[in-house]
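Below, chains carry the letters A, B, ... as their sequence lines are ordered, and counting in each starts from 1.
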There are 2 protein chains.
Amino acid sequence: METIRIGDFSFQLDLTKPLYEQVLQQIRYSVARGEVALGTKLPSVRELAQNLKINPNTVMRAYQELDRDHLIETRRGQGTFITDNLKIVEQIRQNLAYEAARSFITAMKELGMDVHTAKSLIEEGDWT
Amino acid sequence: METIRIGDFSFQLDLTKPLYEQVLQQIRYSVARGEVALGTKLPSVRELAQNLKINPNTVMRAYQELDRDHLIETRRGQGTFITDNLKIVEQIRQNLAYEAARSFITAMKELGMDVHTAKSLIEEGDWT
DNA sequence: TAGTTGTATTATATAACTTAATACAACTAA
DNA sequence: TTAGTTGTATTAAGTTATATAATACAACTA
């Protein structure tokens, strides 16, 4: 799977999920991981579209969803920027982690396993 | 969300995911949870379709995927049955649990968190 | 033999996603 | 002021996955 680097961001697109979803996820996780500085300017809609060889509308859709979450700020005529609000970034990171945990626990319960078993699974697994 | 009961199985369908996927998942988890006895006869393709108010082809697709996993056995002219092989059921249950754990750990790592943090999240969360 | 099973095929419909082309509004820099 | 870059909106078209419908056949049971 090809990796495209552009600025502080890197992207890997495939056909298993909607493109706009992959783009927004990879930006979201880059920021949550702390790989890009707050206030960083994102590539323009057209530039990113060209680099990823996808349609500008698809990039727009990703940017707009991130904007709704206040993870990025779009300024008409200027560009799109990562929020400078650390609180927001931290909260989104916590939420993503919590949601991942919650869906894991839900799956375990659907298999008739309890939280203790879930914990053991995490402890005993080889997650290299 | 309406629950439809039929034999030892119960179904809840919505529009968030493909119908055939929901049907196969709910059968898979029912069996993995041990709610249905090994060798149990499933509703016929047409019967289940009628009860769920969906197309027989959609039920077929669910059954065929479960058949490929050997979780069920289809016998032309007789019907469809849960496997009588306990080993298979146990292995599928373990696999589902493992996959859930793996995808949780993957998400955590994508957020720059380690396995220890993952474990703490599980421990400290209120999963009622 | 009649009725039930799983199975296959062909056609149609629909919704989500993606692309394309175009236009406009807001801002920056020359 | 002007040219070029931004985000944004709109309309149309194409693709794909999913689901339905109708029909037929093969394998089995009673």
d([atom1], [X]; [atom2], [N]) in whole Å:
X     : N      : atom1 : atom2 : result
A:Q50 : C:dT19 : CD    : P     : 14 Å
B:E21 : D:dA19 : CD    : C1'   : 14 Å
A:K17 : D:dA17 : NZ    : C1'   : 17 Å
B:D14 : C:dA15 : CG    : P     : 17 Å
B:E65 : D:dA19 : CD    : P     : 12 Å
B:L19 : C:dT14 : CG    : P     : 16 Å
B:N55 : D:dA17 : CG    : P     : 19 Å
B:L24 : D:dA19 : CG    : P     : 11 Å

Study note, to complete from the structure: Annotated structure of DNA chain D as dot-bracket, pair cut-off 3.5 Å, Watson-Crick or G-U only, | for inter-strand, is ||||||||||||||||||||||||||||||
Practice item. Determine the minimum heavy-atom distance between A:S30 and A:Q26, stating which atoms define it. Key: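 Closest heavy-atom pair between A:S30 and A:Q26: OG-O, 2.7 Å.
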Practice item. Kindly give the heavy-atom pair with the smallest separation between A:D69 and A:I88, and that separation in Å. Key: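 In terms of heavy atoms, the two residues are closest at O-CG2, 4.2 Å.
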Practice item. State whether A:Y20 places a side-chain N or O below 4.0 Å from either non-bridging phosphate oxygen (OP1 or OP2) of C:dC17. Key: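 Yes, A:Y20 has a side-chain N/O under 4.0 Å of OP1/OP2 on C:dC17.
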**Study point:** Below 4.0 Å: OP1/OP2 of C:dT19 and any side-chain N or O of A:T58
**Key:**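 Yes, such a contact exists.
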Point to revise | Pairwise salt bridge (charged side-chain N to carboxylate O under 4.0 Å, His left out) hits with a residue in residues 7-25 of chain B, at least two apart | key: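 The answer is none; no pair qualifies.
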**Study point:** Salt bridge present between A:R102 and A:E99 (N-O < 4.0 angstrom)
**Key:**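 Yes.
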In terms of heavy-atom contacts, does [atom1] of [X] have more than 12 from other residues, nucleotides or ligands at under 6.0 Å?
X     : atom1 : result
B:Q50 : CD    : no
A:L15 : CG    : no
A:Q91 : CD    : no

Review point. If you check every side-chain atom of A:P18, which of D:dT20, C:dT19, C:dT18 has the closest atom?
Key: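 Nucleotide nearest to A:P18's side chain: C:dT18.
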Check your understanding: Using a cut-off of 4.0 Å between protein heavy atoms and nucleotide atoms, how would you tag nucleotides 4-15 of chain D 5' to 3' with B, S and -?
Key -> -BBBBSB-----
Check your understanding: Is A:E123 reaching over with its side chain to a backbone N or O of B:K119, donor-acceptor style, under 3.5 angstrom?
Key ->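 Answer holds: no.
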Check your understanding: Are any side-chain N or O atoms of B:R93 and backbone N or O atoms of A:L111, one a donor and one an acceptor, separated by less than 3.5 Å?
Key ->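 Yes: the side chain of B:R93 pairs with the backbone of A:L111.
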